[in-house]
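These notes concern the structure reproduced below.
Only heavy atoms go into these numbers, but all of them, side chains included; no hydrogens, no water, no symmetry mates.
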Amino acid sequence: MNSLVPNDSQEILDRLQQVSEEMDVELADLITEDANFEPVVGEWSIKDIVCHLRDAEQIWKQRVTRILEEDEPFLRAFNPDELATEHDYPSQDWNKAKEDYQYARQVNLDLFKSLEPAQWLKGGIHQERGHVTIRELIESLFTHTQEHLEQIRHARWLAK
């Protein structure tokens, strides 16, 4: 890789792949009743979290694509609660939501793996975070997934 490019890009992709596989295992045998379980009334169920993850994958893809196609684009922030209301997460079909999330994640993994080394350094201006690079976006997607994976594991434990 070019010396200007972070040499940990493969490591980041490997970690993202691993957390994706862990998520798939966690969701594989989950039945609709458990997916709809709210650990605390008013908090997101596992299905809500998966719908959120699906929507976030689509947003991350849009952001990375815009950065690749434009010079320092403005990246609008999103409100997860507004998105949940707008997309009516509780009424969504569990199996479809899970499949859509897994498909969107795979699309992103394929996109990220196709990046040329210098593309990792391209960036945009995030509404809340300021300048961000594709590398930073991918790293934040890993952290985002990991946090929600722990949330799902906890909810599964509480549902037993």
Side-chain angles (χ1 to χ4, degrees), residues 1-2 4-24 26-27 35 38-40 42-92 96-155:
M1 277 192 181
N2 183 322
L4 296 176
V5 178
N7 61 3
D8 63 350
S9 58
Q10 187 57 52
E11 178 186 327
I12 294 167
L13 287 174
D14 290 346
R15 289 189 346 223
L16 187 59
Q17 179 69 47
Q18 179 164 349
V19 77
S20 301
E21 291 168 5
E22 289 176 35
M23 183 70 78
D24 289 347
E26 218 43 60
L27 301 178
E38 290 180 356
V40 176
E43 283 192 16
W44 282 4
S45 66
I46 292 173
K47 180 175 72 175
D48 295 334
I49 294 167
V50 169
C51 288
H52 164 73
L53 288 169
R54 175 206 58 214
D55 290 348
E57 288 294 330
Q58 294 166 350
I59 290 167
W60 255 270
K61 180 180 183 291
Q62 291 169 355
R63 288 176 176 169
V64 170
T65 301
R66 286 198 58 217
I67 290 171
L68 292 171
E69 294 174 352
E70 301 173 33
D71 186 31
E72 297 288 324
F74 179 76
L75 308 171
R76 194 174 300 295
F78 69 96
N79 181 317
D81 293 322
E82 287 177 8
L83 213 50
T85 300
E86 181 182 318
H87 293 175
D88 193 14
Y89 290 173
S91 73
Q92 303 227 352
K96 176 145 177 44
K98 179 174 65 169
E99 290 168 10
D100 288 349
Y101 158 70
Q102 291 167 327
Y103 176 77
R105 171 50 62 94
Q106 189 58 54
V107 166
N108 278 344
L109 284 169
D110 292 343
L111 171 63
F112 302 155
K113 290 175 186 174
S114 76
L115 294 174
E116 295 294 326
Q119 290 176 312
W120 283 76
L121 297 176
K122 287 192 66 150
I125 308 302
H126 188 279
Q127 185 174 5
E128 296 174 343
R129 295 173 46 200
H131 186 268
V132 293
T133 64
I134 288 177
R135 181 209 180 280
E136 291 167 331
L137 287 175
I138 295 171
E139 181 72 27
S140 68
L141 182 58
F142 163 76
T143 303
H144 181 254
T145 306
Q146 194 172 41
E147 290 169 357
H148 285 301
L149 176 60
E150 291 308 314
Q151 227 181 342
I152 288 169
R153 286 177 172 155
H154 183 70

Hey, could you give me the [atom1]/[atom2] distance between [X] and [Y], rounded to the nearest 0.5 Å?
{"X": "I152", "Y": "L53", "atom1": "CD1", "atom2": "CG", "result": "6.0 Å"}
{"X": "L115", "Y": "I67", "atom1": "CG", "atom2": "CD1", "result": "10.0 Å"}
{"X": "L68", "Y": "Q119", "atom1": "CG", "atom2": "CD", "result": "5.0 Å"}
{"X": "L141", "Y": "L16", "atom1": "CG", "atom2": "CG", "result": "5.0 Å"}
{"X": "E139", "Y": "I12", "atom1": "CD", "atom2": "CD1", "result": "5.0 Å"}
{"X": "L121", "Y": "I134", "atom1": "CG", "atom2": "CD1", "result": "9.0 Å"}

Qualifying residues under side-chain contact (heavy atoms from CB on, under 4.5 Å), relative to [X], sequence neighbours excluded:
{"X": "E21", "value": "Q17"}
{"X": "T133", "value": "H131, R135, E136"}
{"X": "Q146", "value": "V19, F142"}
{"X": "E22", "value": "Q18, L149, R153"}

[X]: partners by side-chain hydrogen bond (donor to acceptor under 3.5 Å, both in side chains), with sequence neighbours left out:
{"X": "S91", "answer": "D88"}
{"X": "K98", "answer": "none"}
{"X": "D55", "answer": "H87, Y89"}

Inset, instruction - Start with the C-alpha distance between L27 and I46, add both sets of side-chain angles, then the distance that settles side chain to side chain contact (heavy atoms under 4.5 Å, CB included), and finish with yes or no. - result: CA-CA 9 Å; L27 301 178; I46 292 173; 4.2 Å; yes
Legend entry - Any pair counted as salt bridge (charged side-chain N to carboxylate O under 4.0 Å, His left out), so long as it reaches residues 65-79, sequence neighbours left out: R66-E70
Legend entry - Pairs involving residues 99-114, ordered by first then second residue, that meet salt bridge (charged side-chain N to carboxylate O under 4.0 Å, His left out) (sequence neighbours left out): E57-R105, K96-D100
Do you know which two heavy atoms are closest between [X] and [Y], and how far apart they sit?
{"X": "G123", "Y": "P73", "value": "O-CD, 3.6 Å"}
{"X": "K47", "Y": "P90", "value": "NZ-O, 2.7 Å"}
{"X": "Q92", "Y": "C51", "value": "OE1-SG, 3.9 Å"}

Inset, instruction - Check ring pair (Phe, Tyr, Trp, His ring centres under 6.0 Å) between H52 and all other residues, then give those that pass, not counting sequence neighbours. - result: W44, H144, H148
Legend entry - Residues forming a salt bridge (Lys or Arg N to Asp or Glu O under 4.0 Å) with R63, sequence neighbours excluded: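 Salt bridge (Lys or Arg N to Asp or Glu O under 4.0 Å) check on R63 returns nothing, list empty.
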Legend entry - W60 side-chain N/O to L137 backbone N/O, donor-acceptor pair under 3.5 Å: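 Pair found, side chain donor or acceptor close to backbone of L137.
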Legend entry - Heavy atoms of other groups near F78 CZ, more than 12 under 6.0 Å: yes
